[in-house]
Q: 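Dropping the structure in here first, questions after.
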Amino acid sequence: MVNALTEEVRVRYAPSPTGFLHIGNARTAIFNYLFARHAGGKFIIRIEDTDQKRNVEGGEESQLTFLKWLGLEWDESVDVGGEYGPYRQMERLDIYKKYWKELLDKGLAYKCYCTPEELKAEREEQMASGHTPGYSGKCRHLSEEQIAHYEAEGRKPTLRFRIPGDQKIEFDDIVKGHVTFDSSAVSDFVIVKQNGVPTYNFAVVIDDHLMKMTHVLRGEEHISNTPKQILMFRAFGWEPPTFGHMTLIVNENHKKLSKRDNSIVQFIEQYKNMGFLPEALFNFITLLGWSPKGEEEIFSREEFIKLFDADRLSKSPAMFDKSKLEWMNGQYIKKMSKEDYVQMTLPYMVNAGLIPAEMTDEQRDWATRVVLLYQEQLHFGADIVNLCDMFFNKDVVKTDLTKDEQKILEGEQVKDVLSVFDRELRALTEWTAEAIAPKIKVTQKETKQRGWKLYMPIRVIATGSAHGPELPEALELLGRDLVLKRLENYLSTEQTV
RNA sequence: AGGGCGUUGGGCAAGUGGUUAAGCCAAUGGAUUCUCAUUCCAUGAUCGCGGGUUCAAUUCCCGUACGCCCUCCCA
């Protein structure tokens, strides 16, 4: 016998391949992973593919690929094997069969010949008359004759679990505390579909038992499935695992995040494509419904493993806060090495058509310097394209002035500043930030303008924008030709006014 | 309709039966900087509502409102 105290923790993430890995999936996986690693236990991934109609091509692969990308590793699954396989439910049909036959033999399950249409009509009637929807139990006590009759009609039965009446179902939920249900609230549910494939509520019990799961951490939407599953564990005489139901993640409308919800970017792949870093996403997602003790917000995977404590899971729903995600990703971007940062951002520039895929060394150096200008403020990779916009606008004449820009150019010192600066720049033999910077100083001395009044007119006219990175380097990267043309254009047109 | 769960500033969220209810994001104001950004400082909640227990409740109990989830031959 294994001592309960030394029993190894075993938890699982059990996705159905009906879609790609999204935020909610990832969180469930991460929490299970953290829980297992913190306890020195095992983390298993089991594929729950019993709904063949909804399975999507590539769903399973997406789950594993992006979990890996997020930095998770697992001990047993379809790809790495393990001693409790197979880990894909459709490959376990024979196993399930043995158990549902047992229930049938014991009279704990029965055949139901109702058609989906009949059940639907029944449900609608119940709803309309204000009753609680649920299976009526019509086929609970079919006679041999009736069964023969249905069979003769060619009906194929489903198998339903016989819910015992008047039972209290109680469990201590890691997150929610003591939860109580009455078996009367649960109606006889289908455990094997017409096509012979078990339903979720049946397969999950068999698998969790056979795979020796000690804890089940899942989304709160499963809390009302728990009494069904506990009843099933009881029917087999098995010890149920310890349950923990994590709060839902909701959108800005306080609705559960669903795959079809377009108000929030859902899929991990999309975040990857937008240039979010796996460490940042991991960090952010882990803080959705869980919080550590102190005041820190930024943690590495290793720190989370050390800190993770299921007692600190929150009971109330977590809202997905996109701006916080962006902030957090920005924190990670700031910490990247220059090399990694450049390697991450340049492809976005190429994709946007701002720079060619094949570059000369000179072009590459230039693009690298441009991109590097924004490391401090970039929130996610794809945003670099917007940030460095001014380096790709070659217009000599500035049109559509904003209010701020108009105000800047209205200053009486503007022409003076720009003409002096223009003259100084033209005298330059070398076009570098180091050479340009002193020329601003010269302009300052000669015009007696400084600060805002000195820099802003130069910035607006030479760069075409009131905002941007450090002026000398910006001017260098913009290039001598463009800058001088813009100054010339401004000064000549101003004179004619 | 029934069952379950939840409710702390705009969004998260810590926390405690008892003088000033952490922190993060956002917003606003300010400092620094040529601007944006960065950095720093500042600003804001009587803890859904009502009642009860208690010397004392945001923290315990009851009720109520609101919200969400489930009630599928989905998982």
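Throughout, a chain's letter reflects where its sequence line sits, starting with A, and its residues are numbered from 1. In what follows, every heavy atom counts, from backbone to side chain, and hydrogens, waters and symmetry copies are set aside.
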Q: Taking the same atom, C1', in B:rA42 and in B:rG63, what whole-Å distance lies between them?
A: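 Looking at atom C1' only, B:rA42 and B:rG63 are 42 Å apart.
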
Q: Pick the C1' atom in B:rG2 and in B:rC60, then give their distance to the nearest Å.
A: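 Approximately 29 Å lies between the C1' atom of B:rG2 and that of B:rC60.
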
Q: Starting from C1' on B:rA14, measure out to CG on A:Leu307 and report it in whole angstrom.
A: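 Rounded to whole Å, this separation is 15 Å.
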
Q: What's the closest nucleotide to the side chain of A:Arg160 if the choices are B:rC73, B:rA75, B:rC34?
A: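 Among B:rC73, B:rA75, B:rC34, the one nearest the side chain of A:Arg160 is B:rC73.
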
Q: Quote, to the nearest angstrom, the P distance that separates B:rC47 from B:rA22.
A: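 One P to the other, the span is 14 Å.
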
Q: Using Watson-Crick or G-U wobble geometry with both distances below 3.5 Å, tell me the partner of B:rG63, or none.
A: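 Matched B:rG63 with B:rC49 under the 3.5 Å cut-off.
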
Q: For A:Tyr332, is the NZ or CZ atom of A:Lys335 found under 6.0 angstrom from the centre of its six-membered ring and inside 45 degrees of the ring axis?
A: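 Cation-pi check for A:Lys335 and A:Tyr332: passes.
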
Q: Quick one: A:His222 NE2 to B:rG3 P, roughly how many Å, whole number?
A: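 These atoms are roughly 23 Å apart.
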
Q: Any strand counts, and the cut-off is 3.5 Å on both contacts for Watson-Crick or G-U wobble. Which nucleotide pairs with B:rU54?
A: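 Its partner is none (no Watson-Crick or G-U wobble pair with both distances under 3.5 Å).
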
Q: If you check the A:Trp452 side chain, which of B:rC5, B:rU35, B:rG6 turns out closest?
A: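 Among the listed nucleotides, the one closest to the side chain of A:Trp452 is B:rU35.
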
Q: Please name the pair of heavy atoms, one in A:Gln89 and one in A:Asp207, separated by the smallest distance, quoted to 0.1 Å.
A: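 Smallest heavy-atom distance, with atoms named: NE2-OD2, 2.8 Å.
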
Q: Say you pick atom C1' in B:rG9 and the same atom in B:rG23; how far apart are they, in whole Å?
A: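 After rounding to an integer number of Å, I get 13 Å for this pair.
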
Q: Roughly how many Å apart are B:rG44 and B:rG29, using the C1' atom of each and rounding to a whole number?
A: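 So the two C1' atoms sit 12 Å from each other.
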
Q: With a cut-off of under 6.0 Å to the ring centre and 45° to the axis, is A:Arg160 in cation-pi contact with A:Tyr135?
A: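 Relative to the ring axis of A:Tyr135, which defines the angle, A:Arg160 lies inside both limits.
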
Q: Could you measure between the two P atoms, the one in B:rA26 and the one in B:rG50, and give it in whole Å?
A: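 Pairwise P distance, B:rA26 against B:rG50, rounds to 34 Å.
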
Q: If we take the C1' atom in both B:rA27 and B:rG11, what is their distance in whole Å?
A: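 These two C1' atoms come out 11 Å apart once rounded.
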
Q: Round to the nearest Å and state the distance from A:Met319 atom CE to B:rG10 atom C1'.
A: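 These atoms are roughly 10 Å apart.
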
Q: Could you report the tightest heavy-atom contact between A:Ile169 and A:Arg234, atom names first, then the distance?
A: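 That closest heavy-atom pairing would be CA-NH2, 3.9 Å.
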
Q: What is the pairing partner of B:rC69, taking Watson-Crick or G-U wobble pairs with both distances under 3.5 Å in any strand?
A: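 Base-paired to B:rG3.
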
Q: Counting Watson-Crick and G-U wobble pairs only, both distances under 3.5 Å, name the nucleotide matched with B:rU33, or none.
A: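 Base-paired to nothing in any strand shown.
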
Q: With both distances under 3.5 Å as the test, what is the Watson-Crick or G-U wobble partner of B:rU38?
A: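 Answer to the pairing question: none, since B:rU38 forms no Watson-Crick or G-U pair.
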
Q: Suppose we define a pair by two distances each less than 3.5 Å, Watson-Crick or G-U wobble; what does B:rA22 pair with here?
A: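 Base-paired to nothing in any strand shown.
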
Q: Consider salt bridge (charged side-chain N to carboxylate O under 4.0 Å, His left out). Of A:Lys445, A:Lys441, A:Lys439, which one does A:Glu424 pass it with?
A: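 Going through A:Lys445, A:Lys441, A:Lys439 one by one, the salt bridge (charged side-chain N to carboxylate O under 4.0 Å, His left out) with A:Glu424 is satisfied by A:Lys439 alone.
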
